[in-house]
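Worksheet for the structure shown next.
Computed from heavy atoms alone, side chains included, the values below leave out hydrogens, waters and symmetry copies. None of these values were measured; they are calculated from a predicted model.
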Protein chains: 2
Amino acid sequence: MKSESLMLNDPMPLTPIASASQAEPEKRVRDRGATEKAILNAAKALLAEEGFQNFGINAVARKAGCDKQLIYRYYGGLNGLVDAIGADLGTWVKDRIPEDTGGMFLLTYGDLMERLSLLFLQALRDDPLMRRIVAWEVSENTEQVRRLSDARSKALATWLERMRGSLTPPKGVDAVAVNAILIAAIQHIVLSASAGGQCAGLALKASKDWEKAEQALKRIVRGVYG
Amino acid sequence: MKSESLMLNDPMPLTPIASASQAEPEKRVRDRGATEKAILNAAKALLAEEGFQNFGINAVARKAGCDKQLIYRYYGGLNGLVDAIGADLGTWVKDRIPEDTGGMFLLTYGDLMERLSLLFLQALRDDPLMRRIVAWEVSENTEQVRRLSDARSKALATWLERMRGSLTPPKGVDAVAVNAILIAAIQHIVLSASAGGQCAGLALKASKDWEKAEQALKRIVRGVYG
DNA sequence: GATCGATGTCGCCGCTCGGCGACATTTGAC
DNA sequence: GTCAAATGTCGCCGAGCGGCGACATCGATC
């Protein structure tokens with residue numbers, strides 16, 4: 001309105017909020033795709049950083065630096081946005097499949113499960129979003145969390161499947177049940193550590209604490225699978 | 001005000017809420033001790049039934065059938081009330097120590113840990129409040145939850161200590177770390193089952209599902225402790 | 001019977017939330 | 001240039017929250 005000439009290529013257009021005080025928001029100009037991505041990324045970041053407690057329309061919009069109305073328009077509300085996060089979780093698998101076996105030959109199912117356990121432990125430790133989702137899963141049973149949970153368990157299952165290759169568990173062991181317990185253990189250990197820095201009296205802060213935990217985990221895996 | 005005679009011994013005094021339509025609240029008449037207990041019980045019940053999500057001053061007061069102001073007066077707010085719940089958790093130990101060993105001689109550390117694992121699993125399955133607290137612990141790291149967490153881990157530690165007796169773990173095994181992982185596994189399995197009826201692809205609804213889980217747990221314990 | 005502390009009740013405050021209608025601005029097709 | 005659709009913005013609504021001040025009622029004591 002206030003300019004009748006040179007309205008194109010304005011080097012620093014109107015910024016409703018002081019431009020230098022904010023960190024990331026990255027100006028977008030009427031680019032729906034970019035805005036959608038910004039919203040999705042904001043949602044993932046918010047969930048990873050703050051947890052599901054303060055996860056809501058208003059908070060996501062604030063973080064994305066856009067109006068919440070856009071979340072309704074583009075994702076149909078929080079549920080749709082959560083679905084989008086879930087869909088995004090599918091990419092987790094590819095990122096977590098190492099090319100080689102770490103210079104180690106996996107000859108037995110025990111070899112495999114030892115390696116998978118440690119890999120999964122490390123992956124969870126490195127992935128705050130995944131951690132928050134796991135914590136969410138055991139805390140609520142709403143439609144939203146169920147969808148996320150489905151996506152996550154599907155991703156986990158295909159990951160395990162891909163890594164398993166052709167190795168089969170020893171006879172006489174209920175591998176599904178045993179592995180479920182191992183996964184449960186890993187998830188809870190990481191969640192506990194992440195929330196309180198310890199689990200059942202075992203400190204989990206320094207890397208030497210984690211070495212102890214990994215050692216114990218290996219012993220357990222070897223105990224069942226040899 | 002409207003009665004100048006017979007104001008004592010009124011058979012049904014003023015009930016601000018219809019008396020027969022409510023379930024439990026149990027009329028109290030200016031009995032501070034009873035009111036305090038009612039508030040504490042309401043808080044525990046609310047936490048156990050609804051989880052920590054909707055746990056707040058208003059909800060507790062509603063459930064206790066009293067005014068929220070009393071929670072401030074008697075407990076100094078939610079924090080004090082949570083402390084009271086934590087203190088109450090100490091009684092958990094006594095309730096969970098069986099008199100006999102279930103007709104079984106605990107000769108080795110493996111015998112002991114197998115039994116303790118199954119006992120702990122069952123105890124958690126039977127105790128919704130404990131479950132909610134565990135879920136809370138891995139979801140938040142606030143002052144409130146830290147206090148509850150301390151109380152719970154203390155209770156758990158003394159329980160283990162009492163049950164352990166004079167048995168000692170085998171040499172060469174980091175029992176603290178291994179047991180932390182076992183406890184983590186049990187807690188997460190129960191939480192997962194409670195929230196979604198399954199864990200990592202293992203269904204956990206029917207009692208035969210649980211038998212599988214217990215079997216696997218036993219194998220794992222025996223694997224490390226013999 | 002008057003008094004006063006203990007106990008219980010009421011209603012307000014400021015805030016955030018999810019949800020949405022109404023409006024402003026830009027872009028692109030014609 | 002025109003105009004409609006796409007995109008972004010503003011502000012309202014009803015509800016619930018934690019917190020608390022002010023008030024009502026009861027019971028014991030003198």
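The separation between A:Gln144 atom CD and C:dG18 atom C1' is 12 Å, rounded to whole Å. Distance OH (A:Tyr74) to C1' (D:dA5): 12 Å, rounded to an integer number of Å. For the pair A:Ile57 CD1 and D:dC12 P, the computed distance is 20 Å after rounding to whole Å. The nearest whole Å value for the distance from the CG atom in A:Asp67 to the P atom in C:dC23 is 16 Å. Between A:Leu81 atom CG and C:dG19 atom P there is a gap of 12 Å when expressed in whole angstrom units. C:dC12 atom P lies 16 Å from atom CG of B:Asn58, rounded to whole Å. Atom pair A:Tyr75:OH and C:dG19:P shows a separation of 17 Å (rounding to whole Å applied). For the pair A:Gln53 CD and C:dC17 P, the interatomic distance rounds to 13 Å; values are reported in whole Å.
Of all nucleotides listed (D:dT9, C:dG19, C:dG11), D:dT9 comes nearest to the side chain of A:Gln69. Nearest nucleotide to the side chain of A:Arg30, out of C:dA24, D:dC17, C:dG18: C:dA24.
In summary, A:Glu49 and A:Lys63 engage in a salt bridge, as defined by a charged side-chain N under 4.0 Å from a carboxylate O. By the 4.0 Å N-to-carboxylate-O rule, A:Glu211 lies too far from A:Lys208 to be salt-bridged with it.
Residues A:Trp210 and A:Glu214 have side chains that never bring a donor and an acceptor to within less than 3.5 angstrom of each other. When only modelled atom types and interatomic distance are considered, B:Asn79 and B:Gln144 share a side-chain donor-acceptor pair under 3.5 Å.
Comparing A:Arg73 and A:Ala59 against DNA chain C, the residue whose closest nucleotide sits nearer the 5' end is A:Ala59.
Shortest non-hydrogen contact noted between B:Ala216 and A:Ala177 is CB-CB, 3.7 Å.
Within 4.0 Å of A:Leu70, counting heavy atoms only, lies at least one base atom of the nucleic acid.
For the OP1/OP2 pair of D:dT7 and a distance below 4.0 Å, the side-chain nitrogens and oxygens of A:Arg32 include at least one atom meeting the criterion. Phosphate proximity of C:dT7 to B:Thr35: absent, as no side-chain N or O sits under 4.0 Å from OP1 or OP2. For B:Tyr72 and D:dG19, the shortest distance from a side-chain N or O to OP1 or OP2 is below 4.0 Å.
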